[in-house]
Amino acid sequence: MAKSIELYPLGVGDAYTERFWFSHMMLVVDGRKIFIDCPPYIPKMLAENNRIGEKKVVLDDYRELIVTHMHADHVGGIEELSYQQYFRTDNPMKMYAPQWLLQDIWSHLRPAMEESCRGDGGLASLDWYFDPIPMQNPHDMGGFKVEHRFTKHYPRTLAYLFDFGNFKLGYSSDAGFDPEHIAWLDQADVVLHDCCFGPMVERGGDVHIFHASREQLLTLPKQFQEKTFLYHYADKAYDQDPAQPNYDIGAYRLLVQNKIYKLL
Ligand SMILES: [Zn+2]
């Protein structure tokens, strides 16, 4: 059972954002910091957060990282974190993902990071930089559990359901609209859900296969809307005040970047 759970969004934007940072969360569970994904420009993002945000965050806070999928707006900063680990592999940060995703992460990093400045001149591997922890399903995080589920998205993408015993948090990850996925997330007390503000079909592509639209999410019951924050949203979602969005979002709320949410 957790005594306190805080959610701190460091980024809430979609993959095209010019205004926000890419979607990126920090959970603080009884003082333990867990990061979800790792988008690029981490030092810049933290510097801006530390100027305007409600909570200071520094690189040394990155001790535990959970990864959802391989799109650059979610993992582009892992290489940046690995730079920080060159000389500090005696205490590497923990990286949680299923084994196949850990392999994908290394496949992505390897061309840039295999030849490293390690003292013995040998080649580096993922576990030179990080402490990779293959996730079980559910996975015992020590003090709480995390369950994962594939979402409607490409490439393979995992949503996470955090079970703190006395509180559950559902994280949709990048996810097209899927009633089964919604039912799974609905087990949670608070849900964060990906939301695309459209247009959903343009330049020959249909975004529905990657992201849930605002219109689709508005078909869900009010009780689900009331406990759900939308994130991964477009720059045009609001002008000045996130409580006054430019679109009808029903009983949902927009998740606000650099703001502390006390969940428990
Ligand atoms: Zn994605």
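We use all heavy atoms of the structure for the numbers below, so side chains are in, but hydrogens, waters and symmetry mates are not. Treat the numbers as computed from the prediction; the structure is a model and nothing was measured. For ligands, and for the atoms within them, numbers begin at 1 and follow the listed sequence.
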Partner of I78 under side-chain contact (heavy atoms from CB on, under 4.5 Å), chosen from M95, M113, M70: M95
The Zn ion (ligand 1) reached by H153 (N, O or S, under 2.8 Å):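 Checking H153: at least one N, O or S atom is under 2.8 Å.
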Can you tell me if D174 has an N, O or S atom under 2.8 Å away from the Zn ion (ligand 1)? yes
Side chains of R156 and H69 only: does a donor on one sit below 3.5 Å from an acceptor on the other?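 No donor-acceptor contact under 3.5 Å links the two side chains.
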Does one side chain, of Y160 or E147, offer a donor that lies under 3.5 Å from an acceptor on the other?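 Absent: no donor and acceptor within the cut-off.
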Given atoms ND1 of H71 and NE2 of H69, what angle do they subtend at the Zn ion (ligand 1), to the nearest 10 degrees?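 ND1 of H71, the Zn ion (ligand 1) and NE2 of H69 span an angle of about 100°.
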Please confirm whether Y261 and F229 have ring centers closer than 6.0 angstrom.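 Under 6.0 Å, so yes.
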